[in-house]
Every structure is written in C-alpha cells, then in structure tokens.
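One structure is given below, encoded as structure tokens.
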Amino acid sequence: MVVTRFAPSPTGYLHVGGARTALFNWLWARRAGGTFILRIEDTDQKRNTPTAAQQVMDDLRWLGIEWDEGPEAGGPNGPYLQSQRMDIYDKYIKQLLDEKKAYYCFDTAEELDAFRKEAETQKKSFSYTRPKEFPGESDVEKAKAQGRDVTVRFAVPQDVPLVITDIVRDEITFAASEIGDFIIQKSDGFPTYNFACVVDDYLMKITHIIRGQEHLMNTPGQQALWKALFGDAQLPKYAHMSVTVSDTGGKLSKRERPKALRNAIKTMQDIETVRVGQQLLLPLPDKESKSIQDDIKTGKLAEVGGIAPEELDSFIKGKTTPDMPAIGAMAEYLGVALPEINIVDFFKSGYLPETMVNFLALLGWNPGDNREIMPIGELIESFDLSRLSKSNSLFDRKKLLSFNMEHMKMTPPEKVLEHFRAYLKVVNSPVNSAEDELLSTIIKLCEGTRTLVDIERKSRFLFLDNNEIQYDEKAVKKILLKGDGLAVLAIVRKKLAAMEQLTEQGIEDMLRSLAEEKQAGLGKVAQPLRVAICGTTVSLPIFESVQMLGKENTLARIDTTLKKFAAEN
RNA sequence: GGCCCCAUCGUCUAGGUAGGCCUAGGACACCGGGUUUUCAACCCGGCAACAGGGGUUCGAAUCCCCUUGGGGCUACCA
C-alpha cells in the first residue's frame with residue numbers, strides 16, 4: 001500500500017514548485033492505487049493567511065489533483081490541519097522531554113544571533129551547544145517569570161553519523177554535529193515543521209515522501225526524531241526532487257514577480273530620463289498620465305496598487321515588497337508582463353490544466369523514451385520514482401507555450417470550451433456573453449492557437465458594440481493610411497452592401513475576385529476590412545469574421561472607419 | 001564561510017545502475033526555404049552538446065579522483 005501526501009503551508013496561492021510536488025505525490029499514489037493525502041501545515045501563525053488553504057485547494061482541483069484524505073474530503077487520519085492537532089504534538093513533546101530526548105531552552109533571539117556570528121567567524125557551521133544538565137520544570141517557571149521565551153529542542157544523538165537513504169540520490173551521510181539540536185516547539189507553543197511533519201507522517205502512515213531538494217538537509221534530523229519517537233517503526237521512503245530554477249537564475253520563486261515589476265519600473269524611469277533629456281517625451285498609449293514619474297509622484301501608481309505612496313517608494317528602492325495583489329494590479333496598469341509563478345497566473349495566461357500537469361510532470365522526471373506530450377492517464381501509467389532526475393531543471397516558458405498548443409489540439413472540444421468559459425468569467429470578457437454553440441465555433445476557428453488568451457483576443461470584436469472598437473495605431477497606419485487601404489475598403493464596402501446575404505462563401509468569392517482584379521494578394525483587400533471591423537490586424541479568419549458579425553454591423557463599422565480616417569489621409 | 005547535491009546541444013532531456021549498439025537520439029527555441037486572408041498553425045531543410053584535467057581499461061558520455069561551474073540548506077519558515 002502506497003500512501004503519499006502533499007503538505008503545503010497556507011501562505012498564498014499554489015505556485016509551480018508546490019504544484020509539482022503535489023503532482024508527483026499524486027501521480028505516485030495513483031500509479032500504485034494508493035492514497036493521496038492533503039495536509040495543511042499551518043503551524044506558523046505569522047505567515048498563514050486565512051484564505052490561502054482554500055486557494056491552494058482550488059488550484060489543486062483546477063489541475064485535477066484530487067485528494068483522498070484531507071480538508072473537505074475527510075478521512076480516518078484527521079484532522080488534516082496541523083493547527084487542530086496541537087494536543088497530539090504536545091503529547092509527543094512531553095514524551096521526549098520525559099525521556100530526556102529533548103530539553104527546554106530560554107535563549108533570546110539576540111543570544112542565538114551572537115552564537116551564529118561566533119560560529120561564522122570560526123568558519124564552522126552553527127550548532128546549538130547542549131547544556132550539560134537539562135533544565136527542569138522549575139527553571140521553566142523561573143524563565144517565564146523573567147519574561148523569557150521558552151522553546152524545546154530535540155537532542156540529536158551525537159554518537160553516530162546520520163545516514164539517510166534517498167530514492168534519487170542513494171545514501172547520504174551527515175555528521176551528527178552538522179545537524180545540531182533543533183527546535184521542535186516554538187515559544188508560542190506551536191510545533192516546528194520539522195517536528196509536526198515527522199509525527200504526522202507516522203500517524204498518517206505515509207510510505208513515500210516526495211519533496212523538493214530544499215528539504216534534503218532536514219531529513220537526517222527528521223529521521224533521528226522518528227527513531228527517538230517511534231523506535232524501529234518502518235521509515236517512509238524519501239525522494240528528493242531536483243529544484244526547478246528560473247531563467248533568471250536561482251530557485252523559481254514568488255519573489256520573481258515583484259522583482260520583475262521593480263526592474264520594469266526602473267527601466268521605464270531610465271528610458272524616460274533619457275527621453276526627457278532629449279525632449280522626446282510622448283504620451284504613452286492607453287494611459288491617462290504621460291509618464292511613469294508622474295504616476296509615481298501623483299500617487300496614481302500607489303493608488304492602483306492599493307498601497308501607500310511611501311510603500312511604493314520603498315518597494316522601488318528594493319527595501320520592501322508589497323503583497324501579490326498590489327504587484328499584479330500595478331503591473332497590469334503599467335502594461336508590464338510578469339512571469340507566471342502561481343498556478344492561477346497560468347490560468348489567467350490562458351493555459352489549460354492538462355498542459356500544466358503534463359509540463360510539470362516533466363520537470364525532473366521523464367518516461368525514459370521520447371514521449372513528451374502526454375495526457376494525464378498516460379502520465380499515471382508511466383510515472384516511476386526511479387526515473388526522477390538528479391539535476392536541476394529550468395522552467396522553460398517557451399516550451400510550455402508549445403505544450404499548450406498541443407494540448408489545445410488534443411483536448412476534447414467540450415473540455416476546451418469548459419476551460420475557456422472559466423477563463424472568460426475570470427477576466428470578465430465580453431466574449432462570455434456568447435452561447436456555447438457560438439463559442440465552440442470560435443474555438444474551432446482558432447485551431448492551432450496557443451492559448452485561451454489568443455482566442456479571446458481574436459473573437460472579442462464580435463461582442464463589442466460598434467462604438468467600442470478601439471483602433472490599433474500601428475494597424476491603422478500600416479493597413480489603412482499607407483497605400484490605398486481606405487480606397488480598397490470603400491470598394492469592399494460597396495460590394496458588401498450590394499450582397500443580399502453575407503455568406504462565408506459569398507464573402508470569399510467577392511474578396512478573391514476583387515484581389516484578382518487588383519492583381520494583388522488576398523491580404524491586400526482583406527486586411528483593410530479586418531482593421532475596419534476589429535480595429536486590429538489579428539482576428540478570426542476574415543470570411544467567418546464578417547459573416548458572424550453580420551451585414552449591418554460590418555457596414556456600420558466600415559463607415560465609421562472610413563469617416564474617421566478619411567480626413568487623416 | 002560551513003554542510004550537502006548536481007554537471008550531455010541555447011533550454012528540457014535519452015543514453016550512465018550491466019563501459020563497446022553513441023561518427024550521441026528526441027523535443028522546444030533558433031536559422032533558412034515553402035505554404036498562407038491576419039496571428040498562429042502546417043511542410044521541408046539546417047545549426048548545435050558529453051565543463052576542464054588526470055586516472056582505470058584493449059576500449060569511457062558511461063567507473064574513480066581533482067579543478068571549475070551551478071544549485072540547495074545554513075530560522076522559534078515550511
């Protein structure tokens with residue numbers, strides 16, 4: 001029987017690293033017909049946010065990762081929130097204390113800091129100096145009376161080296177002195193991660209612990225703790241996955257989004273400084289104020305992000321970091337594309353969950369042959385811990401994009417429709433007003449497209465009122481104003497008006513013959529029409545576009561376009 | 001700084017546990033050409049790697065050592 005678990009701490013949205021960990025554990029449980037448990041590690045009162053657990057669960061469900069036991073699902077090993085298991089941890093802490101395998105500490109943060117600095121100057125790793133005599137309960141009372149914090153440390157057996165066996169890396173040996181006595185109960189009474197997870201893994205009968213390499217150094221301590229607590233009980237098997245690194249170097253982390261925004265703002269400021277110097281400052285499109293400096297000075301940017309101007313200033317200087325929603329809002333306002341880190345980011349960027357699951361699975365694992373694009377069922381069938389790779393993998397967004405295209409092709413249309421609908425709802429798109437049937441048609445017309453974002457962009461014009469069309473400056477210049485675009489458009493308008501009914505075939509015949517007449521490619525006549533009805537050069541195929549928009553709207557938009565730009569020509 | 005892990009095309013990787021089947025395979029990206037009503041897609045072709053140095057061996061991408069490089073951890077975070 002295989003039992004795996006995903007044990008996130010609820011500090012925010014599920015990010016790619018966490019999602020991959022969850023996926024590997026889930027895949028392994030499914031492959032073996034075992035149990036997959038979701039356990040919320042909310043032992044840090046400072047970091048937990050009340051909605052985070054819910055967000056994480058939503059994201060897991062979006063990915064299709066369902067847990068057999070855990071919050072909302074229930075199960076025989078509950079509760080599945082560590083904050084609700086305090087009595088259990090207390091019991092085991094007491095047991096260790098009674099057996100003299102753990103001891104009380106009363107150090108202040110400053111004292112510990114000093115110890116660490118001392119170790120550093122001596123070029124040694126810091127390890128807590130164990131007292132010769134363990135303090136008793138009376139000392140605890142005394143310390144408390146003095147207002148000192150009371151913590152409990154585990155006395156790591158110092159006589160033998162700690163050897164761990166890892167599925168990915170085989171045996172790794174650590175000197176016991178390197179591990180040192182670590183805290184298992186914090187001064188607020190909560191257990192630390194290293195303690196709670198050992199207790200829970202035992203009680204929940206976890207057989208395989210699949211987690212990131214960042215936990216490798218925790219493992220010897222956790223195993224020692226396991227032995228102290230549960231004797232010879234069979235240890236779980238460990239598999240430490242390689243870290244996923246970002247293309248900017250280093251571990252892929254949430255910090256990248258603020259970093260990207262900060263860099264973007266700085267770059268904008270720099271460019272602006274140069275432009276101001278050269279008196280070249282032009283209004284940027286789609287923005288009320290004309291410069292980033294103004295946006296900062298007037299407090300506009302801070303307001304968009306819902307933070308104080310001082311906070312923004314401190315952020316730009318690299319001193320502090322506002323929360324994610326603020327970062328997102330400011331980036332959107334400035335038109336800065338942030339790297340996707342959280343699973344919801346990918347959802348908002350128009351990726352399919354099928355893509356994410358497939359791509360995530362290949363981060364540090366592969367089936368051993370040349371297969372890459374795989375549906376979930378195939379992933380489950382092929383997954384094997386023996387094929388986890390040792391070296392770090394880079395999160396390659398370009399490859400992800402191409403994966404998404406493949407999955408758009410192979411995912412059943414009704415499934416894509418479902419995903420598209422969810423996407424439209426979240427981004428509040430006018431396209432959401434379409435009936436399912438129409439949406440399906442649109443999706444079909446977008447075959448070969450990469451993301452749901454593209455489908456929305458291409459079809460958006462159909463659901464806007466005629467007066468809501470926004471003309472892309474570049475498109476207008478290139479297609480309408482340069483050459484005889486407007487003249488051609490006028491002819492097209494006449495011909496369309498003359499047609500009794502706008503059928504796809506009729507439109508095609510008309511445009512093709514006109515192009516032939518002009519001895520030019522179809523683009524010559526189609527593009528002005530496209531810009532007229534969409535405002536941009538990118539849309540659904542033109543014949544269908546016109547036909548779906550209808551004669552009345554098409555003619556109205558052409559007229560508006562003609563009138564608007566005739567003067568400028 | 002200390003401890004630990006890792007090292008094949010630009011990127012993800014196959015091959016490494018059974019050394020010869022590897023003049024190193026695939027995918028993404030990139031470059032060239034074709035197709036084309038936009039963006040994509042699609043078709044054809046191309047570029048491109050065993051980090052360096054020592055060993056072991058008849059023979060090493062594959063085993064060993066060193067160097068270099070990258071990463072992780074070093075919390076009363078998980």
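Convention: sequence-line order gives letters A, B, ...; per-chain numbering from 1.
Atom pair A/Lys117:NZ and B/rA75:C1' shows a separation of 14 Å (rounding to whole Å applied). The distance from atom CZ of A/Phe126 to atom P of B/rC73 is 18 Å, rounded to the nearest whole Å. With rounding to whole Å, A/Tyr128 atom OH is found 11 Å from B/rC76 atom P. Here B/rA78 presents its P atom at 9 Å from CD of A/Gln82, a figure rounded to the nearest Å. Here B/rG72 presents its C1' atom at 5 Å from CD of A/Gln213, a figure rounded to the nearest Å.
In terms of polar N and O atoms assigned as donor or acceptor, the side chain of A/Glu372 comes within less than 3.5 Å of the base of B/rG26 in a complementary pairing. Donor-acceptor pairing under 3.5 Å, judged by distance alone, is absent between the side chain of A/Thr151 and the base of B/rC76.
Using a 4.0 Å cut-off between a side-chain N of Lys or Arg and a carboxylate O of Asp or Glu, A/Glu473 and A/Lys477 qualify as a salt bridge. Salt-bridge formation is not detected for the pair A/Glu340/A/Arg257: no Lys NZ or Arg NE/NH1/NH2 atom is positioned less than 4.0 Å from an Asp or Glu carboxylate oxygen. A/Asp472 and A/Lys474 are not joined by a salt bridge, as no carboxylate oxygen comes within less than 4.0 angstrom of a charged side-chain nitrogen. Between A/Asp139 and A/Arg148 there is no salt bridge, since none of the side-chain N atoms of the basic residue sits less than 4.0 Å from a carboxylate O of the acidic one. A salt bridge between A/Glu517 and A/Lys495 is present, with a side-chain N of the basic residue lying under 4.0 Å from a carboxylate O of the acidic one. Between A/Asp396 and A/Lys399 no salt bridge is recorded (no basic side-chain N to carboxylate O distance below 4.0 Å). A salt bridge links A/Arg39 with A/Glu41: the closest approach of a Lys/Arg side-chain nitrogen to an acidic carboxylate oxygen falls below 4.0 angstrom.
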I'd like a table of atom pairs between the protein and nucleotides 13-21 of chain B - only N or O on both sides, under 3.5 Å - with the distance next to each one.
| unit_1 | atom_1 | unit_2 | atom_2 | d |
| --- | --- | --- | --- | --- |
| B/rU13 | OP2 | A/Asn392 | O | 3.2 |
| B/rU13 | O3' | A/Asn366 | ND2 | 2.9 |
| B/rA14 | OP1 | A/Asn366 | ND2 | 2.8 |
| B/rG15 | OP1 | A/Arg387 | NH1 | 3.2 |
| B/rG15 | OP1 | A/Arg387 | NH2 | 3.3 |

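Atom name P, nucleotides B/rG52 and B/rA24: the rounded distance is 16 Å, in whole Å. Spacing between B/rG53 and B/rU68 at atom P, rounded to whole Å, works out to 15 Å. Nucleotides B/rC50 and B/rC9 place their P atoms 7 Å apart, quoted to the nearest Å. The gap from the C1' atom of B/rC31 to that of B/rG71 amounts to 32 Å, rounded to the nearest Å. Here, B/rA18 and B/rU23 have their C1' atoms 24 Å apart, quoted to the whole Å. B/rG46 sits 16 Å from B/rC28 when the P atoms are compared, rounded to a whole Å. Nucleotides B/rU37 and B/rG25, compared at atom C1', are 40 Å apart to the nearest Å. B/rC63 and B/rG20 are spaced 14 Å apart, taking the C1' atom of each and rounding to whole Å.
Among the nucleotides B/rC28, B/rA27, B/rG71, the one closest to any side-chain atom of A/Val243 is B/rG71. Out of B/rC28, B/rC77, B/rC5, the shortest distance to the side chain of A/Ile172 is found at B/rC5. Checked against B/rC28, B/rA78, B/rC76, the side chain of A/Ser402 finds its nearest nucleotide in B/rC28. Checking B/rG72, B/rC77, B/rC28 against every side-chain atom of A/Lys398, the shortest atom distance belongs to B/rC28. Residue A/Lys399 has its side chain nearest to B/rC28 when only B/rC5, B/rA78, B/rC28 are considered. If you check B/rC5, B/rC12, B/rC3 against the side chain of A/Leu216, the one that comes closest is B/rC5. For A/Asn218, taking side-chain heavy atoms from C-beta onward, the closest of the listed nucleotides B/rG72, B/rC12, B/rA78 is B/rA78.
Under a cutoff of 6.0 Å and an axis angle of 45°, A/Arg153 and A/Tyr103 do not form a cation-pi pair.
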Please evaluate residues A/Met241 and A/Phe24 with respect to the criterion side-chain contact (heavy atoms from CB on, under 4.5 Å), reporting the C-alpha separation (whole Å), side-chain torsions for both, the decisive distance (0.1 Å), and the verdict. CA-CA 9 Å; A/Met241 310 178 292; A/Phe24 280 29; 3.2 Å; yes
What string of B, S and - do you get for nucleotides 36-41 of chain B 5' to 3' if you count protein non-hydrogen atoms under 4.0 Å? -BBBBS
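Pairing for B/rU35 is absent, with no Watson-Crick or G-U wobble pair whose two atom distances lie under 3.5 Å. Base pairing annotation: B/rA14 forms no Watson-Crick or G-U wobble pair, as no partner gives both donor-acceptor distances under 3.5 Å. As the counterpart of B/rU56, no nucleotide is assigned, since no Watson-Crick or G-U wobble pattern has both distances under 3.5 Å. When both distances must be under 3.5 Å, the Watson-Crick or G-U wobble mate of B/rU68 is B/rA7.
A ring-ring contact (aromatic ring centres under 6.0 Å, His included) with A/Phe359 is found for one member of A/Tyr351, A/Phe395, A/Trp365 and no other, namely A/Phe395.
A/Lys390 has no side-chain polar atom (N or O) that falls below the 4.0 Å cut-off from OP1 or OP2 of B/rA7. Neither OP1 nor OP2 of B/rC12 sits under 4.0 Å from any side-chain N or O of A/Arg397.
Judged as a side chain to side chain donor-acceptor pair (under 3.5 Å), the pairs with a partner in residues 524-535 of chain A (not counting sequence neighbours) are, in order, A/Asp484-A/Lys524, A/Gln527-A/Arg530, A/Arg530-A/Ser539.
Counting any heavy atom pair closer than 4.0 Å across all strands shown, A/Thr11 reaches no nucleic acid atom.
Judged purely by atom type and a 3.5 angstrom limit, A/Thr4 uses its side chain to pair as donor or acceptor with the backbone of A/Asn25.
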